[in-house]
Student: 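Mind having a look at this structure? Questions to follow.
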There are 2 protein chains.
Amino acid sequence: MQESEISLRDKLIDTGLKLLLEGGPEALTLRKCAQLAGVSHAAPAHHFAGLRGLKTAMVGRGHEIFAQMMRDEMDAAPKDKNGQILAICQGYIQFSQQYRHLFNLMFVPPAEFAPDPARDDAAKASRDVLTALCKQHFPGPNQHFYEIAIWSLVHGYSKLLEIGRVQPGSQSQADIEFAKILKLLDFPGTQ
Amino acid sequence: MQESEISLRDKLIDTGLKLLLEGGPEALTLRKCAQLAGVSHAAPAHHFAGLRGLKTAMVGRGHEIFAQMMRDEMDAAPKDKNGQILAICQGYIQFSQQYRHLFNLMFVPPAEFAPDPARDDAAKASRDVLTALCKQHFPGPNQHFYEIAIWSLVHGYSKLLEIGRVQPGSQSQADIEFAKILKLLDFPGTQ
DNA sequence: GACTTCAACTTGACAGTGTCAAGCTACAAG
DNA sequence: CTTGTAGCTTGACACTGTCAAGTTGAAGTC
């Protein structure tokens with residue numbers, strides 16, 4: 001019953017996420033998606049603007065999980081500046097590893113997306129997690145630059161990790177390595 | 001005359017680069033490549049292991065340009081620690097903007113490449129530019145961490161720039177913004 | 001010189017892809 | 001009852017990467 005109540009649109013997004021996360025970007029296909037959802041190959045066209053539209057909708061979902069993951073880490077961490085910055089970064093890195101292919105899809109030039117206010121909102125919401133943190137801990141004229149700095153650092157590290165250019169032994173070792181880097185940079189200026 | 005002397009292999013790589021840089025990843029097609037090079041659609045198969053192989057060869061070329069671009073910036077900059085670090089980063093960012101799509105192709109999980117020692121060497125050579133710099137200016141046990149830190153920071157910034165998540169007005173403004181970030185982080189620890 | 005070998009390339013085919021156009025069907029509105 | 005229409009199907013199209021077989025031409029061998 002419940003199964004028949006979830007819309008085909010949601011079902012296609014779920015199926016798309018499954019295909020992407022398990023098989024990588026090449027496995028994500030409109031036709032496979034439709035087949036797994038039990039509809040004809042042209043059915044998705046009535047819910048999304050082509051493959052691009054489906055990807056866009058999936059990315060919206062991704063940003064929700066992403067923001068939640070960062071918030072969870074922050075909630076579980078010490079509430080001081082150092083603790084919170086490290087926590088948000090660990091959430092960031094954790095998501096990038098756990099949802100590898102989705103993470104990749106999320107950070108792609110806007111031209112590759114279909115126009116979608118829902119995606120824009122979700123992307124903004126996930127960025128706001130960092131913005132709010134910086135507002136609190138880096139007041140003053142340099143707030144924006146600290147935000148870009150933290151974002152660049154953690155995004156770059158996540159990317160290099162993903163493509164195997166940095167190779168700590170495990171997830172926990174990655175956390176340790178990144179924490180060491182934050183410390184080296186004297187990032188929060190308190191330490 | 002000279003034109004007939006360059007091998008089809010090189011011609012295909014050149015054509016592939018042109019297609020990629022001008023039209024993005026979707027425009028890079030084995031068949032279009034072959035057509036532009038004036039050969040049949042199956043000819044490339046005799047020089048590369050499929051599309052993957054062509055991409056791999058193109059990436060090798062990319063790393064050569066990349067390394068040269070960083071070295072050029074370093075040569076033209078003050079030879080002190082601050083100047084050299086800023087310079088290598090500016091070369092990095094400049095390449096990522098100027099060769100957008102190629103840059104993207106270069107930093108991709110190794111599984112998406114065909115095995116190719118030439119590419120591995122070229123990738124290593126471009127990384128060595130940074131490694132050598134860190135060896136010189138960050139001797140001691142933390143050298144590796146400084147290297148990862150700089151790499152993450154500049155790679156992340158380049159990516160965010162590319163996908164429009166940070167939007168300085170121009171190339172020169174990006175340079176200024178990144179320089180400011182480096183300064184804020186007190187990166188080289190001398191300043 | 002005749003024969004063999006072989007690498008480079010062509011031709012033709014195949015399954016898979018995204019996308020479009022036309023038709024069907026069930027359900028809501030008038 | 002009629003009309004519309006949203007959701008879906010069917011069928012087609014051009015395009016993709018890849019494979020198999022055939023062609024060609026030049027180099028080497030007897």
Student: How many Å lie between NE2 on B:His46 and P on C:dA7, as a whole number?
Tutor: 11 Å
Student: Between A:Arg119 and A:Glu64, does any NZ, NE, NH1 or NH2 come within less than 4.0 Å of an OD or OE carboxylate oxygen?
Tutor: no
Student: Should B:Lys159 and B:Glu162 count as an ion pair when the cut-off is N to O under 4.0 Å?
Tutor: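 Result for this pair is yes, salt bridge flagged.
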Student: If you check every side-chain atom of B:Ala43, which of C:dC9, D:dG17, C:dT17 has the closest atom?
Tutor: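 Between C:dC9, D:dG17, C:dT17, the one nearest the side chain of B:Ala43 would be C:dC9.
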Student: Let's see if you can work this out: which of C:dT17, D:dT16, C:dT19 has an atom nearest to the side-chain heavy atoms of A:Lys32?
Tutor: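 Nearest to the side-chain atoms of A:Lys32, counting from C-beta on, is C:dT17.
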Student: Within the structure, does a side-chain N or O atom of A:Thr29 lie under 4.0 Å from either OP1 or OP2 of C:dT17?
Tutor: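 So the side-chain polar atoms of A:Thr29 do come within 4.0 Å of the phosphate oxygens OP1 or OP2 of C:dT17, strictly under.
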Student: Quick check: any donor-acceptor pair below 3.5 Å linking the side-chain of A:Arg31 to the base of C:dG16?
Tutor: no
Student: For the pair made of CD in B:Glu26 and C1' in C:dT17, what is the distance, rounded to whole Å?
Tutor: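 For the pair B:Glu26 CD and C:dT17 C1', the rounded distance is 13 Å.
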Student: Whole Å only: how far is the CG atom of A:Leu36 from the P atom of C:dG16?
Tutor: 14 Å
Student: Per the atom types in the model, does the base of C:dG12 pair as donor or acceptor with the side chain of B:His41 at under 3.5 Å?
Tutor: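 Looking at the base of C:dG12, it does pair with a donor or acceptor on the side chain of B:His41 (distance under 3.5 Å).
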Student: Nearest whole Å is fine: how far is D:dG7 P from A:Phe48 CZ?
Tutor: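 Rounded to the whole Å, the gap is 12 Å.
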Student: What integer distance in Å separates B:Leu30:CG from C:dG16:C1'?
Tutor: 16 Å
Student: Among C:dT10, D:dC8, D:dT16, find the nucleotide with the atom closest to the side chain of B:Ser40.
Tutor: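 My answer, after comparing the listed nucleotides, is C:dT10.
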Student: Does NZ or CZ of B:Lys183 come closer than 6.0 Å to the centre of the six-membered ring of B:Phe178, within 45° of the ring's axis?
Tutor: no
Student: Provide, to the nearest angstrom, the distance between the CG atom belonging to A:Leu54 and the C1' atom belonging to C:dT19.
Tutor: 15 Å
Student: 5'-most contact on DNA chain C: A:Leu51 or B:His47, nearest heavy atom basis?
Tutor: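 Counting from the 5' end, the first nearest nucleotide belongs to B:His47.
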Student: Rounded to the Å, how far apart are A:Lys11 NZ and D:dG7 P?
Tutor: 16 Å
Student: Using atom NZ of A:Lys55 as one end and atom P of C:dT17 as the other, report the distance to the nearest whole Å.
Tutor: 13 Å
Student: The test is side chain to side chain contact (heavy atoms under 4.5 Å, CB included); show your working for B:Val108 and B:Val59 and say whether it passes.
Tutor: CA-CA 10 Å; B:Val108 128; B:Val59 162; over 6 Å; no
Student: Please determine whether a side-chain nitrogen of the Lys or Arg among B:Asp75 and B:Arg71 lies less than 4.0 Å from a carboxylate oxygen of the Asp or Glu.
Tutor: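 Answer for the salt bridge query: no.
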